[in-house]
Amino acid sequence: MTPKGGQHTWMEVPLPEPPPSLSIPTDRVVIVDGSYANGLYGCALVVQTRGSSDWVWGSTAEKMQAQAQAQGGHGGQGQVQVPASEVFWSLVHKADKKFSKIRDLPYYHRNRQEYDAYFYKVFKVYTQVWKFQQENRHKLVETGLKRSEIGDIASRIAQLYFAHYMRTSQASYLHEAFIFYDAILTRDYFNFHSHSNASPHDISLASKHLRFISRFLMVCLLLNRREMVQQLLNQLRLLLDECKRTFKETDFKEWKLVLQELVRFLKYDTNFMNIRPLRYSVVLDTFSDSLSPHNCSRNLRLRDAVLASYHHNEVKFSEVTLDTFRMLQCLEWEPCGSFYQSNLTKNGQNGPSAAPKDILDPTLPPNPRKAVLYRPSITHFLAVVATICEELPPDGILLIYLSASGARYTDTTSPSPLVSVLERLDPSSEQPEECSSALNSGCLHFGTRGNGGINCIYPSDLVPFTRRPLFLVIDGDSNEAFEATKGEMAAILLSPRSSYHCTSTGSPLHSTGSLFTVFLTAPLQAFCLLLCISDSDVEMDTFVKAEKLISSFLKDWGVKLAASDSLHPVWAQILNDPFLRRLVLRFLFCQAVLALHAPTFNKDEFVPKSLPALPPSFLPSTVLCQTLVMQLANIFGATNSFVFSDSVALPENAYGDTDSMSSS
């Protein structure tokens, strides 16, 4: 007899006499069958009271127990109950098996609906586990449940939320992960000093504590919870020192490196870089869908992004580099939305106010999905991009951000590796011996060199994907090779081939991240970095004036750009997307600043480039661009650091606060 899913059946069966060798020390017999009904309904749990012919069975432990309790008086027998500990650990085992499967899945997935359905199944099981331990906490503790085991469950749920955020980019999951991690921290689930039955030499508990702090730190960094980050940093230091004293025979070298990475990361990702959110704020940023660009046959929306960055000895925490960390935030909505309260006018050096951080605006559109890759092999990179392109909706566009050092061309017989590849595929073309050398140059290195190019990304690698709408941001010193990646629908922003660095900071190359990336994510801070202005030199009133000036000009530029008759259709079709429009306008600002900066004036290698070219009315030589740079430089008393045309002058009502800054 095969029961239907979710139903329970009573069966009257004769009780055979047990064989003499069989001893049943309890009053209940519990049988767990692996599966039944072709495996469609999971496990079958069967319970019989000894000495009775009444059996109870169900598809899950909790359903069976509820049925047994409801039928407790049947057949003249007493109520049948399964110990809470047995139900609990069966649920934990089931949840852990599902968690292991979903943890091994990549952050990109070919069938999103299939993954989402499986995620909700895993989450449902962990919800049952968490609810059951809350309702039966006293019984479970009496049977030996440890505080750290409760912490394990909470940590798994937090990891589940964070993993789903990394796959979907939806801020609500990141906030839920914070809530569970914060509960673990508040209740000291992994602190062995709070465990009466834990040994002070329990290294497994100490390791759990270290891993918990590391995971919580990443969540807090992404949420810009700076106070909590400092608290966790101090706790990590103390815990690591205590572990080294307690477990002298254990080498904590890896955790020392984690601590050093975090300290270095926070040194360069300062409060000044986060005075205002890097995310798109409907309060601080221009938000308009009413633009009607010329030559626009359709409006594309940013649906997915691939972010990859690698530089030797660059600043990173875990597998998130400083550059990808900033770009990741730049492509998301500020979760508070219309509830955001700017704190620029008071205590601005401490970042945004903490009051509205827990208030999420439900009216915000979904964030674009992002895949963050660290040191990807070319096969892994291509697999990710191909998977995303295959599922890209008709109105979607994919952003690919690549930040890495590379090699320039050494083969003068071919303008790019792409041409060399095509020539080699053409049997009618002559193939000089030198053509193969071009295949090893003009690329971006995402790993150690000399490994046969397995970590190199060439322009030709991107060509097949230009059949779909692409928005490429290439930040590298050999990006001129990527000028050949001209698909029908590709919009390309190229960083300067040479990067100007302020000499007074004393920081090594790429310690503060790419200046081009900073311009795209935090333009005012990039302007200050270019002029060697530190956060201690900037008063809050000055910063607010400069921020309002840039916002006003870029809003006006957006309208003028959409109205331009010379705007290429590739750019026209993306201007109604707020994230891409903001990147394009900040690129124009970066281009104007670097072209007019005195040390880089008339030096093309220090100026970024766009393909196709943006309208000539936005060239740095125009009055439109020079007016913004001049007024901004005047606020900081740095007009002498730029070269302006004689026809450009400050308006009478221009912003100015030269008393608060020393002239550069």
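Only a predicted model underlies this, so the values are computations on that prediction, with no experimental measurement involved. Computed from heavy atoms alone, side chains included, the values below leave out hydrogens, waters and symmetry copies. One-based numbering along the sequence shown.
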Any side-chain heavy atom of T521 within less than 4.5 Å of one from F325? no
Would you name the heavy atoms of L594 and P496 that are closest together and state the gap between them? CD1-CG, 3.9 Å
With a 4.5 Å limit on heavy-atom distance, are the side chains of L596 and M630 in contact? no
Ignoring hydrogens and angles, tell me if any N or O in the side chain of T466 forms a donor-acceptor pair with the backbone of V463 under 3.5 Å. yes
Are L650 and Q631 side-chain neighbours, meaning at least one heavy-atom pair lies under 4.5 Å? yes
Exactly one of V473, L444, L307 clears side-chain contact (heavy atoms from CB on, under 4.5 Å) with L402, and that residue is L444
Separation of L462 CG from I492 CD1 (nearest 0.5 Å): 8.5 Å
Mind telling me whether Y374 and Y310 have parallel, tilted or perpendicular rings, with 30° and 60° as the class edges? perpendicular
Can you list the steps and then say if R298 with D395 is a side-chain contact (heavy atoms from CB on, under 4.5 Å)? CA-CA 8 Å; R298 59 176 176 172; D395 66 339; over 6 Å; no
Are any non-hydrogen side-chain atoms of D323 and H311 less than 4.5 angstrom apart? yes
When rounded to the nearest 0.5 angstrom, what is the spacing between OG in S610 and CG in L472? 12.5 Å
Shortest non-hydrogen contact from D461 to L382? O-CD2, 3.7 Å
With sequence neighbours excluded, what pairs up with E605 under the salt bridge (Lys or Arg N to Asp or Glu O under 4.0 Å) test? none
Given 3.5 Å as the limit, does a donor-acceptor pair link the side chain of E314 with the main chain of L322, or not? no
So which atom in S621 and which in Q626 form the shortest heavy-atom distance, rounded to 0.1 Å? O-NE2, 3.2 Å
Side-chain donor or acceptor of S551 paired with backbone N/O of E547 under 3.5 Å: yes
Are D285 and R581 close enough for a salt bridge, meaning some N to O gap below 4.0 Å? no
Would you mind reporting whether F589 and F553 have side-chain heavy atoms less than 4.5 Å apart? no
Would the distance check show the side chain of T321 and the main-chain N or O of T324 forming a donor-acceptor pair, the cut-off being under 3.5 Å? yes
State, to 0.1 Å, how close L328 and K370 come at their nearest heavy-atom pair, and which atoms those are. O-CE, 3.6 Å
Is a side-chain N or O of S645 found less than 3.5 angstrom from the main chain of S647, in a donor-acceptor match? no
Find the distance between CG (L284) and NZ (K548) and round it off to the nearest 0.5 Å. 11.0 Å
F446 versus S403, closest heavy-atom pair with distance: CE2-O, 3.9 Å
Which pair of heavy atoms, one from L561 and one from L567, lies closest together, and at what distance? O-CD2, 3.4 Å
Has the side chain of K316 got a donor or acceptor atom that lies under 3.5 Å from a matching backbone atom of S318? yes
Could you tell me whether the side chain of R326 and the main chain of A522 form a donor-acceptor pair under 3.5 Å? no
CA sep, side-chain torsions, deciding dist, call: L531, H597, side-chain contact (heavy atoms from CB on, under 4.5 Å): CA-CA 9 Å; L531 299 177; H597 191 219; 4.0 Å; yes
Taking the side chain as everything from C-beta on, heavy atoms only, tell me whether F587 gets closer than 4.5 Å to P608. yes
Check whether any side-chain N or O of S495 sits under 3.5 Å from a backbone N or O of G476 as a donor-acceptor pair, and report yes or no. yes
Short question: side chain of R586, backbone of L520 - any donor-acceptor pair under 3.5 Å? yes
Evaluate side-chain contact (heavy atoms from CB on, under 4.5 Å) for L222 paired with Y165, printing each intermediate quantity in order. CA-CA 11 Å; L222 289 171; Y165 161 75; 3.9 Å; yes
Can you check whether F642 and F527 have ring centres sitting under 6.0 Å from each other? yes
Applying the side-chain contact (heavy atoms from CB on, under 4.5 Å) test to L580, which of L575, I397, L300, L331 qualifies? I397
Euclidean distance, C389 SG relative to L470 CG, rounded to 0.5 Å: 5.5 Å
Please list, chain by chain and in numerical order, all residues satisfying side-chain contact (heavy atoms from CB on, under 4.5 Å) with A491, sequence neighbours excluded. F471, V570, W571
Taking the side chain as every heavy atom from C-beta outward, state whether I400 and F381 have any atom pair closer than 4.5 Å. yes
Below 4.5 Å, heavy atoms only, C-beta onward: do C625 and Q591 meet side chain to side chain? no
Angle class for the F272/F543 ring planes (parallel below 30°, perpendicular above 60°, tilted otherwise)? perpendicular
Report the C-alpha separation of C528 and F636 in whole Å, then their side-chain angles, then the decisive distance to 0.1 Å, and conclude whether the side-chain contact (heavy atoms from CB on, under 4.5 Å) test is met. CA-CA 9 Å; C528 293; F636 293 98; 3.9 Å; yes
Interatomic distance, OH@Y458 vs CD1@I378, rounded to 0.5 Å, equals 9.5 Å
For L392, does its backbone N or O pair with a side-chain atom of R468 as donor and acceptor, under 3.5 Å? yes
Could you tell me how the ring of W557 sits relative to the ring of F618: parallel (under 30°), tilted (30 to 60°) or perpendicular (over 60°)? perpendicular
Which distance, rounded to the nearest 0.5 Å, do you find between the CG of L529 and the CG of L524? 10.0 Å
Could you check whether N224 and R226, counting side-chain N and O atoms only, form a donor-acceptor pair closer than 3.5 Å? yes
